[in-house]
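It should be emphasised that the depicted structure is a prediction, and the values quoted were computed from it without experimental measurement. Note: hydrogens, waters and symmetry copies are ignored here, and every other heavy atom, side chains too, is used.
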Amino acid sequence: MLPYDHLAAFRLGYGLSPHLTLPADPQAVAGSVTAATRPGPDDVTMDRLRAWQMEGQELNRDRREKVPDADEAFRTHRQEMNHIFRGAVVERFARAVDDAPGFGERLVWFWADHFTVAGRNHYTNLMTEALVSEAIRPHLTGRFAQMLFAAETHPAMLTYLDQSRSIGPNSIQARRNPDKAGGLNENLAREMIELHSLGAGADYDQQDIEQLAELLTGLAYYPRQPGVFQRRRAEPGAETVLGTSYGGRKGTLDDIRAVIDDLAVHPATAAHLARKMAVHFVADDPPQALVDRLTDVFMDTGGDLGAMNLTLAEAPELETHFRAKMRQPFEFLVAGLRSLGLDGAQVRDLRPRIVNTRLLQPMAIMGQPWASPQGPDGWPEAAEVWASPQGLAMRINWALAAPVDLVGRLPDARRFLQTCLGDSASETLAWAVPRAESQSDGVALVLASADFNRR
Amino acid sequence: MLTRRLFLKSTALIGCSAAAHPLMSTATFAGAPGENRLVVIILRGAMDGLDVFQPYGDPDLAALRQTLSLGPDHGATDLDGFFALHSALSPLLPLWNAGQLSFAPAVSTPYRDKRSHFDGQDMLEAGTGTDLEIDSQQDGWLNRLLQQMPGQDSETAYSVGVAQMRILRGAAEAKSWTPKVNMDLSPQAELLLTRIYHDDPLFREASAQALEIVAGLSPDLPEAKRGQEHLELASFAANRLNGATRIASFSLPGWDTHAGQARGIERSLTRLSETILSLKADLGANWDRTTVMAMTEFGRTVRENGSGGTDHGTGGAMLMAGGAVRGGRALGDWPGLAEGDLYAGRDLMPLRDIRAYAAWAMHAKFGIPRAALEGAVFPGLDMGSDPRILA
């Protein structure tokens with residue numbers, strides 16, 4: 001039987017580290033999540049991003065007007081945006097590497113994936129990180145309704161799911177510009193119900209989606225417009241969603257908050273989120289007893305995510321379903337970095353070339369290009385997806401080639417086996433590692449093993 | 001191209017002391033006075049000496065080997081009426097005939113019995129005896145040699161590829177260099193990966209194709225030439241040795257032939273012979289002042305195993321080549337392969353400490369006094385009588 005601190009680090013975190021002291025009981029593991037709720041020193045925020053976007057718009061205008069050196073200035077601006085985004089991504093790695101046991105940063109990943117937004121250009125790339133800082137981290141241990149509201153109304157989401165294009169057909173803006181095409185866009189409304197709250201299988205219909213879409217009008221993000229709600233875009237009148245009427249004569253942000261508060265504590269939402277957490281943290285085909293317990297806790301506490309975190313940390317299924325899950329590429333890389341003994345500061349100091357060739361490019365080849373999932377449903381969970389021949393080949397290649405680029409002196413492979421896996425290594429792996437032809441091959445065996453790639 | 005890359009790499013490493021700069025190398029070079037040159041190649045994985053220098057004159061060999069070490073009747077070339085050279089080393093026959101190739105058929109480090117690659121290689125590179133815990137041996141004997149050389153400058157160690165060159169780790173400075181080629185998956189690593197994936201259906205299924213992809217996968221090295229790393233190492237080593245460098249060391253993997261040795265060792269021996277011939281070609285006139293020593297951590301079982309391979313043993317072979325070598329001969333005695341001649345009833349009995357050959361070479365070519373060799377470089381070694389290995 002594995003000691004609990006190791007079990008929790010494997011299943012809920014990023015595995016073992018030669019440096020970190022791991023919390024030893026479920027309360028401490030759940031409590032450790034607080035660290036991930038704190039802002040980082042250089043977090044990308046929408047306040048900063050608005051300013052950058054306005055600067056970019058001005059530089060673009062200069063280019064159109066053939067202002068001298070405008071092209072150069074714009075190129076510099078774009079490079080700076082890239083640089084900041086790169087720094088934010090490296091920071092995600094660094095915080096994950098430093099987080100003992102890693103539950104908090106795993107939850108950051110989980111919820112950021114639940115509220116998937118993908119980057120399409122410099123600014124939307126940065127927005128994906130702003131959403132993590134502003135809508136995910138602060139609410140990891142709070143009520144789900146708070147996170148749901150923060151995520152649905154975040155500029156990253158409004159942009160990604162086209163809400164900024166949605167205009168109430170009878171809104172002030174539509175009536176004033178009858179010639180300009182425009183109207184409802186249902187994208188955010190649909191995903192809010194189907195992906196973010198009730199789940200696709202729940203009891204709702206197209207009428208609910210359309211009504212919610214009308215209710216959400218007014219939500220929009222434009223860098224030069226303050227806030228994210230513009231009443232002149234909002235559809236007037238009340239809307240009925242899932243049998244409840246919201247709003248009145250004028251559309252307001254409070255109406256939107258009201259419907260989100262209700263969606264957040266809906267029984268279908270409880271069941272949907274309970275199952276999703278169990279799938280992500282415990283097993284692709286999760287034990288129903290765990291799903292039921294998580295559902296009950298969610299309902300009993302009104303969607304208290306801190307209570308959900310504790311329920312997961314206490315779950316006996318962590319042990320009974322050990323290694324039922326495959327580490328996703330980001331997890332694999334973070335676990336690799338920290339097993340090799342790097343700490344967050346060393347990760348922040350990695351040269352850009354190493355970040356590219358040893359983290360971001362391999363992650364993409366493993367099937368997880370940063371901030372670029374295929375759709376708003378985020379990254380897949382099934383082990384089969386991540387254990388593709390191409391993905392596994394990249395993991396093997398990384399295990400062989402990356403460690404010497406990341407740490408100067410490789411650890412003894414036999415000690416490394418212990419560092420990475422404690423007493424959890426399979427007999428076959430423990431047999432194989434000392435039989436490797438060189439230390440580097442031995443280290444590679446550990447990192448490429450099913451033991452290490454599963455959790 | 002070499003020069004430019006070397007410049008960049010050296011620039012990047014300035015300010016790193018040898019101790020602080022990690023030894024991630026398979027190639028290390030060190031500047032030293034004089035005109036003589038030493039190249040130490042570590043053959044990682046334990047080379048089967050009995051298959052490379054086949055003692056076909058030993059009446060007990062045939063009963064021990066069924067598909068391996070079959071002698072001159074099966075492709076090997078007779079060397080001296082007793083030993084025959086594996087066919088994959090045939091390109092080196094002109095060196096043998098010119099007296100520039102020799103070998104010691106039955107040598108070892110003081111390492112015994114556990115037969116671990118890691119510990120065996122550590123001891124080979126540390127150059128110490130069994131009196132010290134392997135963990136506490138942090139520096140290598142080439143580094144201690146450097147410290148003994150008067151006037152050696154800061155021409156430092158170069159690291160290549162993924163293997164670490166512990167042999168040059170220590171207080172004296174060294175530089176590193178990485179060739180722009182993709183790394184190779186050794187047959188043993190491939191075999192072990194197949195084994196560790198076997199019990200996990202998901203990984204077992206994906207790994208067959210994954211391992212094929214690994215062979216061609218090179219995410220950051222689009223211009224990589226697969227399987228050519230040894231030539232880059234040799235070419236770069238020669239380039240430096242033609243300049244101020246006098247000592248170079250790198251490693252060649254792929255000797256752990258537990259199964260299907262005939263195919264595996266052929267590939268590794270081809271690389272070894274290409275490496276040596278590349279050094280010779282690129283060193284030009286300096287080849288005459290060069291000694292190449294190829295060493296492995298231990299030998300392999302005298303008996304062929306059930307899968308056409310051999311397992312970890314004790315006594316093994318060392319190869320020497322170069323214009324400075326008194327070659328065309330086997331060095332030292334032959335222990336025999338009869339039951340009573342074997343070590344632990346299974347391995348070739350080593351007859352001489354491999355460090356003694358290295359020590360005599362350094363004595364002859366770098367003028368290091370015997371006391372320093374037996375004290376500082378190889379603490380506690382008895383060099384014994386002069387084997388007169390160098391011209």
- Message: Using only non-hydrogen atoms and a strict under-4.5 angstrom cutoff, which residues of residues 198-207 of chain B touch chain A?
- Response: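 Under the 4.5 Å heavy-atom cut-off, B:Asp199, B:Asp200, B:Leu202, B:Phe203, B:Ala206, B:Ser207 qualify.
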- Message: Among residues at least two apart in sequence or on other chains, which ones pass side-chain hydrogen bond (donor to acceptor under 3.5 Å, both in side chains) with A:Arg395?
- Response: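 Checked A:Arg395 against side-chain hydrogen bond (donor to acceptor under 3.5 Å, both in side chains); matches are A:Asn453.
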- Message: Students often mix this up, so state it plainly: with edges at 30° and 60°, are the rings of A:Trp109 and A:Phe330 parallel, tilted or perpendicular?
- Response: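 Plane angle under 30°, so parallel.
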- Query: What part of A:Ser388 is in contact with chain B, defined as an atom under 4.5 angstrom from a non-hydrogen atom: side chain, backbone, both or neither?
  - Reply: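 The backbone, not the side chain.
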- Task: Considering only heavy atoms and a distance below 4.5 Å, find which of B:His312, B:Arg195, B:Gln121 pairs most often with chain A.
- Result: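 Highest number of pairs under 4.5 Å: B:Arg195.
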- Message: Suppose we call two aromatic rings close when their centres sit under 6.0 Å apart. Are A:Trp370 and A:Trp379 close by that rule?
- Response: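 Centroid distance A:Trp370-A:Trp379: not below 6.0 Å, so no.
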- Item | A:Phe281 ring center near A:Phe110 ring center (under 6.0 Å) |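 Ring-ring flag for A:Phe281/A:Phe110: true, centres closer than 6.0 Å.
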- Sequence neighbours left out, what pairs pass ring-ring contact (aromatic ring centres under 6.0 Å, His included) with at least one residue falling in residues 380-423 of chain A?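 Checked against ring-ring contact (aromatic ring centres under 6.0 Å, His included) - neighbours excluded - the pairs reaching residues 380-423 of chain A are A:Phe332-A:Trp398.
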- Message: Holding to ring-ring contact (aromatic ring centres under 6.0 Å, His included), I want the full list of residues that pass it with A:His321, two or more places apart in sequence or in another chain.
- Response: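 None.
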- Query: So which of A:Val443, A:Ile396, A:Leu429 has the biggest tally of heavy-atom pairs under 4.5 Å with chain B?
  - Reply: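 Most pairs with chain B among the choices: A:Ile396.
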- Has the side chain of B:Arg300 got a donor or acceptor atom that lies under 3.5 Å from a matching backbone atom of B:Thr310?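 Such a contact is found between B:Arg300 side chain and B:Thr310 backbone.
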